[in-house]
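One structure is given below, encoded as structure tokens.
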Amino acid sequence: MNFKLLLKEKIKKSLKDNFGLETDLIPITYPEVKEFGDYATTVALANSKILKKSPKEIAEKIASDLSKEKIFSKIDIAGPGYINFYLSDKILEEGIKLSISNENYGKNDLLKDKNIILEYVSANPTGPLHIGHGRWAAIGDSIANLLSLCGAKVHREFYINDAGNQINLLRESVEAAKNGKPIPENGYHGSYIEEVAKMDGDPVQNLLEMQKKTLAKFRVNFDNYFSELTLHSNGEVKKTIEFLKKSGHCYELDGALWFKTTEFGDDKDRVLIKSDGEYTYFAVDIAYHKNKIERGFNTIINILGADHHGYVGRITAAIKIFAKEMNKEIESKILIGQLVSLFRNGEPVRMSKRTGEMITLEEVIDEIGSDASRYFLVMRKADTPLDFDIELAKKQTEENPVFYVQYAHARISGVLRNIHNKQIVTDSIIDSPEARDIAIRIIRYPEICLDAAINMEPHRITQYLEDLSAAFHRFYNQHRIITEDENTTSRRLSIILAVKNILKNGLKIIGVEAPEKM
RNA sequence: GCGCCUGUAGCUCAGCUGGAUAGAGCAACAGCCUUCUAAGCUGUGGGCCACAGGUUCGACUCCUGUCAGGCGCACCA
């Protein structure tokens with residue numbers, strides 16, 4: 001049950017019935033002060049001008065309509081026209097009951113019409129993954145989990161750039177290393193080149209396998225690894241360009257073939273075929289995106305590093321053009337994640353693939369663990385640059401948010417081991433402010449999941465989990481769970497079971513373990 | 001020069017798409033373990049939300065400009 005949405009619907013209806021106003025802009029907030037209720041809306045203030053009525057008058061109508069709903073114990077009109085809603089204890093108790101019995105609490109089907117292809121990481125198979133790839137891996141995986149939690153069909157894809165100059169350079173570098181010759185000036189110089197040179201088989205495949213191994217260790221799994229080479233070998237690049245030529249989106253200039261992306265918002269037209277007859281990387285990439293559309297996806301999401309943000313305009317334009325020419329409704333979204341700078345004891349660590357000094361993602365995982373790495377990479381909004389200090393992440397171990405949340409889960413598990421009678425009682429469980437605080441957070445969990453999914457912001461989940469954990473730790477310090485009175489024990493048991501279930505669920509979204517013991 | 005992102009407590013960051021008294025965590029200080037995990041809890045101090053204008057009943061949030069930092073501006077991939 002999503003009370004935020006329910007409330008929105010009810011208010012929407014009330015506005016329509018009373019004032020004939022149709023609007024979807026109904027802001028619902030979680031008040032920071034509990035004297036302002038569990039939910040609040042400023043809808044009366046926001047619409048007073050349009051309706052030419054005082055905010056109070058509007059608020060009173062809405063409050064009077066909604067007071068018929070038995071989910072609220074109280075509705076206040078406060079200040080200039082805020083409406084504050086208080087959920088009844090009964091509803092809170094039902095929420096707790098549901099969150100215990102339902103394994104998939106938080107799940108909904110609001111995005112069920114979306115058939116999404118989510119592309120992320122897509123590292124060049126020319127070296128090991130680094131911490132930046134780790135950020136996209138962690139964020140991408142969490143976003144995919146969130147979207148499918150909301151009913152979307154999500155296909156996770158990794159695009160392998162296994163064609164082009166950088167691959168030739170890689171092969172030359174490995175070949176040189178094999179024969180004990182100096183590596184070409186503009187080749188790859190990392191120490192991993194020596195390693196790959198010792199392996200049998202194709203260096204590109206070997207490097208790809210190394211990347212896959214790292215991702216597996218990171219618990220990031222893709223549905224498909226899509227090879228760029230296949231686009232060349234089955235002629236899709238050529239077909240794509242023919243398609244664009246035929247539909248009139250191309251022109252020739254200075255011996256090159258240009259694509260009129262400016263018609264759809266790009267700031268510059270782009271070259272598809274260079275004057276030497278070779279395809280550009282972009283030409284191949286749009287063939288790939290055409291392929292995505294042909295596979296039937298109606299939503300295309302890409303996660304890119306900030307160093308590629310210049311790419312956004314042209315690729316969005318290309319998708320728009322294809323959608324138009326192919327007569328399809330395609331929603332596309334390119335998420336730009338800011339870069340990660342790796343530090344050790346406050347000293348920056350070079351990450352260049354060519355220096356050989358870089359620290360790989362694998363090394364970071366080995367050093368601080370998958371859980372802490374994933375949590376740290378996901379806990380910040382993607383559009384802020386991230387300074388990741390390895391020593392700090394390790395040193396902080398005791399005051400780390402990830403351990404704080406995991407500890408709450410382990411603590412509950414510990415208590416559960418000591419309870420012999422696992423009888424649950426969900427009546428009258430809201431018997432203290434601490435219990436109510438937990439209950440209201442549990443009620444909000446599905447709402448948080450939906451908001452995090454729609455905005456593609458998994459950091460909202462970590463934020464929420466820390467808040468819920470704090471509420472639990474407060475409860476735990478204030479109230480003994482195992483008591484002489486069986487009924488009291490059963491009631492408190494239901495609360496901690498609910499918390500445990502949600503912690504486990506929430507951690508799963510961001511790919512972090514929920515330990516039984518610590 | 002142009003474009004994108006960022007600027008909030010000493011530090012690292014939230015701030016729910018314009019609302020009520022701007023919140024956490026670290027760090028600092030003062031308390032809480034004979035009972036379920038103290039990796040926890042309670043309290044105190046700490047703010048010109050980069051700066052200057054503007055829109056609004058109301059701005060950390062929207063607009064304009066300035067300053068500072070990051071990243072881009074290829075017939076490279």
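As a basis for the values below, the full set of heavy atoms in this structure was taken, side chains included, without hydrogen atoms, waters or symmetry mates. In what follows, every chain begins at residue 1, and chains take the letters A, B, ... in the order their sequences are listed.
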Rounding to an integer number of Å, can you tell me how far [X] [atom1] sits from [N] [atom2]?
{"X": "A:Ile334", "N": "B:rC71", "atom1": "CD1", "atom2": "P", "result": "21 Å"}
{"X": "A:Tyr159", "N": "B:rA77", "atom1": "OH", "atom2": "C1'", "result": "10 Å"}
{"X": "A:Phe403", "N": "B:rG40", "atom1": "CZ", "atom2": "P", "result": "11 Å"}

On the nucleotide [N], are OP1 or OP2 found under 4.0 Å from the side-chain N or O atoms that [X] carries?
{"X": "A:His308", "N": "B:rG3", "result": "no"}
{"X": "A:Lys381", "N": "B:rC13", "result": "no"}
{"X": "A:Thr462", "N": "B:rC13", "result": "no"}
{"X": "A:Lys268", "N": "B:rG3", "result": "no"}
{"X": "A:Asn418", "N": "B:rU37", "result": "yes"}
{"X": "A:Arg411", "N": "B:rA38", "result": "yes"}

A:His479-A:Asp431 side chain donor-acceptor pair, cut-off 3.5 Å
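Result is no, nothing qualifies.
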Identify which nucleotide among [options] has an atom closest to any side-chain atom of [X], counting heavy atoms from C-beta outward.
{"X": "A:Ile482", "options": "B:rC36, B:rA20, B:rU37", "result": "B:rC36"}
{"X": "A:Met518", "options": "B:rG19, B:rA77, B:rA39", "result": "B:rA39"}
{"X": "A:His459", "options": "B:rC41, B:rG72, B:rG15", "result": "B:rG15"}
{"X": "A:Tyr404", "options": "B:rA14, B:rC41, B:rG72", "result": "B:rC41"}

Think A:Lys8 forms a cation-pi with A:Tyr39, using NZ or CZ under 6.0 Å from the six-ring centre and within 45 degrees of its axis?
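So A:Lys8 doesn't make the cation-pi contact.
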Determine whether the aromatic ring of A:Phe36 stacks with the base of B:rA20, defined as ring centroids separated by less than 5.5 Å and ring planes inclined by less than 30°.
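So yes, this residue stacks on that base, both cut-offs being met.
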Consecutive-pair stems (3 or more, Watson-Crick or G-U, under 3.5 Å) for RNA chain B:
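Stems (3+ consecutive pairs) listed as B:1-7 with B:67-73, B:10-13 with B:23-26, B:28-32 with B:40-44, B:50-54 with B:62-66.
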Pairwise 5' ranking along RNA chain B for A:Asn161 and A:Lys4, keeping only the more 5' one
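Going by which nucleotide is closer to the 5' end, it is A:Lys4.
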